[in-house]
Amino acid sequence: MKSEERAARIVRTVVEELQPGFAVRLWNGERIGPADGPVLVINDSGIVGRILRRPVFITFVELWVSKAIDVENGSLFDIAERSPRSKVKAKLRQMPRWKLLRDLPALFLSRGGGSSVDSLAGRNPYVSGSNKEAITHHYDISNAFYRLFLDERMVYSCGYFKDFGNGIDQAQFDKLDHICRKLRLKAGETLLDIGCGWGAMLIHAAKHYGVIGHGVSLSEAQTALARERIRAEGLEDRITIEVKPYSELTGKFDKISSIGMFEHLGLANHEAYFLAVGKLLKPGGIYLHHAITRRMKRDRRAWRRKAPAYKALIKYIFPGGEVDHIGMTLENLEAYGFEVHDVEDLREHYARTCRLWAERLHACFDEAIAEVGEAKARLWLLYLTGCSLGFDGGSVLIYQTVATRRARGRSGLPPTRADLYR
């Protein structure tokens, strides 16, 4: 029997036993499962052998990126939502092994099933901390590519949904304003935005709150566009941006924001970071820390082990990136001279944000392919979808934390949070 026929028989057995809520179409045109709805397409019979030889998460990433597997009549969200949510392990244990064992040995030697996509990986991705090369790998892909799925202000961090039915443009405006309120910004104050991206936070704070803003970034492409946007708003006299590490900054600022850059630092560099922020913040100043975290586990060693999806994310999307847990964030803030006043969980907001990004990218996928190539476009669609599902499932979290430079006496903050929601 040919290897293709053996592979088809194995897939047929697995699908019939698991009974997912979507159909599977094989490379030979055979369809298994429901007659309508989303379809998981297997374009290469060699993927069965490849999964047998290397049954790790990154193999599935490579199969998706190389289009050995695909989705038709729906999206990756549709496949995820229709996947079996319980008793999968039990069904796998009950599967008639003789049906599989008759074909598996021959498929170990089969070839095909997608190619390696290591050319899309960052250099030295598993080191602790993203350097300028790693930042370029992620952010300097193409400003035009990011425009395809981000909001009109190009805010590349978690939105804030006053209503989960709101669109991405409204959610990002509300997020920027929410942060400005938490910082209690006043006209004439100086604001430092560490990792300022395309400048949206600085522009919003200068336009609506009258601050004098300064930003730092390691991305040349982001900085060039941010400066264009600042000129277009007529804010060159109020906002400046440098391509410079935060560690090289000097001076003092009334307020400091860090929105979605802390994840790039690496656990090994947290002490240096918090010490630097403390030196840059004026006495009585407010620091807003907006960062992704992972859920802490009972065993610290177990928490430090990176899950397969986490490793794939670091390899291909965020080289050098590492995230802490909220307890570590608070511990570091207190250890390095801050008083923590407020912690807000935005997990569900980021699940919604990433879903909207993924849906927008999917809607203009041909344009994305033309801009960055099909492999990278598929990788990013998988990344945005996976992040949305991760936040939705609670395996990954995000918090906004408000802190001040520790001092005796009153902090200077209002007695309640009422001003945030006026």
Side-chain angles (χ1 to χ4, degrees), residues 38-44 58 60-81 114-122 125 134-159 167-169 171-172 197-200 219-226 228-229 260 263 309 312-319 321 350-392:
V39 182
L40 179 66
V41 181
I42 302 177
N43 289 314
D44 190 333
I58 283 180
F60 291 92
V61 173
E62 293 171 348
L63 293 173
W64 168 261
V65 171
S66 63
K67 214 173 179 178
I69 56 176
D70 205 358
V71 175
E72 292 181 358
N73 198 32
S75 68
L76 286 165
F77 286 111
D78 296 316
I79 296 296
E81 288 163 4
S115 58
S116 172
V117 293
D118 281 349
S119 61
L120 298 178
I135 296 300
T136 296
H137 172 86
H138 185 85
Y139 293 99
D140 290 1
I141 296 172
S142 159
N143 286 333
F145 174 69
Y146 280 102
R147 278 196 188 99
L148 294 176
F149 63 91
L150 296 181
D151 66 298
E152 60 189 359
R153 297 169 188 81
M154 294 183 73
V155 182
Y156 186 39
S157 54
C158 175
I168 192 66
D169 290 331
Q172 294 295 12
W198 288 282
S219 169
E220 301 281 354
Q222 282 190 317
T223 300
L225 181 54
E228 287 181 24
R229 293 160 70 91
E263 299 86 341
L313 187 69
I314 293 169
K315 179 176 181 179
Y316 292 112
I317 304 296
F318 292 109
Y350 220 167
R352 182 64 179 157
T353 301
C354 289
R355 177 150 194 155
L356 291 176
W357 286 344
E359 289 174 348
R360 287 160 68 93
L361 181 60
H362 188 261
C364 56
F365 205 59
D366 289 342
E367 294 174 64
I369 291 171
E371 186 64 33
V372 300
E374 187 167 22
K376 184 163 285 188
R378 290 178 67 83
L379 177 64
W380 273 69
L381 185 62
L382 180 64
Y383 146 60
L384 294 174
T385 303
C387 285
S388 178
L389 295 173
F391 283 109
D392 192 56

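Pairing each heavy atom of Ala358 with each of Phe77, the nearest pair is CB-CE1, 3.6 Å. Minimum heavy-atom separation, Ala375 to Val65: O-CG1, 3.4 Å. Shortest non-hydrogen contact noted between Gln222 and Tyr139 is NE2-CD2, 3.4 Å. Across Tyr316 and Val61, no two heavy atoms sit closer than the pair CE1-CG1, 4.1 Å. Closest approach of Asp169 and Glu152 over heavy atoms only: OD1-N, 2.8 Å. For the pair Gly122 and His137, the tightest heavy-atom approach, listed with the atom from each and the gap, is N-CE1, 3.6 Å.
The cationic group of Arg378 lies under 6.0 Å from the six-membered ring centre of Trp64 and within 45° of the ring axis, placing it in a cation-pi geometry.
Atom CD1 of Ile314 sits about 12.0 Å away from atom CD of Glu263, to the nearest 0.5 Å. Residue Arg147 holds its CZ atom at 8.0 Å from OG of Ser142, rounded to the nearest 0.5 Å. To the nearest 0.5 Å, the span separating CG on Asp151 from CH2 on Trp357 amounts to 8.5 Å. Considering CD1 of Ile42 and CG of Asp70, their distance stands at 11.5 Å, rounded to 0.5 Å. For the atom pair Ile141 CD1 and Thr136 OG1, the distance stands at 11.0 Å (nearest 0.5 Å). Taken from CD1 in Ile369 to CZ in Phe145, the straight-line distance is 10.5 Å, to the nearest 0.5 Å.
Remark: Pro38 pairs with Phe22, Asp78, Ile79, Arg82 by the side-chain contact (heavy atoms from CB on, under 4.5 Å) rule, at least two apart or across chains. Lys376 is linked by a salt bridge (Lys or Arg N to Asp or Glu O under 4.0 Å) to nothing, counting only residues two or more places apart in sequence or in another chain. Every residue meeting the side-chain contact (heavy atoms from CB on, under 4.5 Å) condition with Ala309, not counting sequence neighbours, appears here in chain and number order: Phe57. Considering only residues two or more places apart in sequence or on other chains, Asp140 meets the salt bridge (Lys or Arg N to Asp or Glu O under 4.0 Å) condition with none of them.
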Donor-acceptor pairs under 3.5 angstrom involving side-chain atoms of residues 380-388: please list them, not counting sequence neighbours.
from   : atom 1 : to     : atom 2 : distance (Å)
Tyr383 : OH     : Tyr156 : OH     : 2.6
Thr385 : OG1    : Leu381 : O      : 2.8
Ser388 : OG     : Ala351 : O      : 2.8

For residues 359-366, run the donor-acceptor check on the side chains, cut-off 3.5 Å, and write out each pair with its distance to 0.1 Å, sequence neighbours left out.
from   : atom 1 : to     : atom 2 : distance (Å)
Glu359 : OE2    : Arg355 : NE     : 2.9
Arg360 : NE     : Phe149 : O      : 2.8
Arg360 : NH2    : Leu150 : O      : 2.7

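Within the 4.5 Å cutoff, no side-chain heavy atoms of Glu371 are placed close to those of Tyr146. Proximity of Val117 to Leu379: side-chain heavy atoms (C-beta onward) are nowhere separated by under 4.5 Å. Asn143 places none of its side-chain heavy atoms less than 4.5 Å from the side chain of Glu228.
With Asn73 contributing its side chain and Val39 its backbone, the two residues share no donor-acceptor pair below 3.5 Å. A side-chain donor-acceptor contact under 3.5 Å links Asn43 to the backbone of Lys67. Checking side-chain atoms of Arg352 against main-chain N and O of Gly159 turns up no donor-acceptor pair under 3.5 Å.
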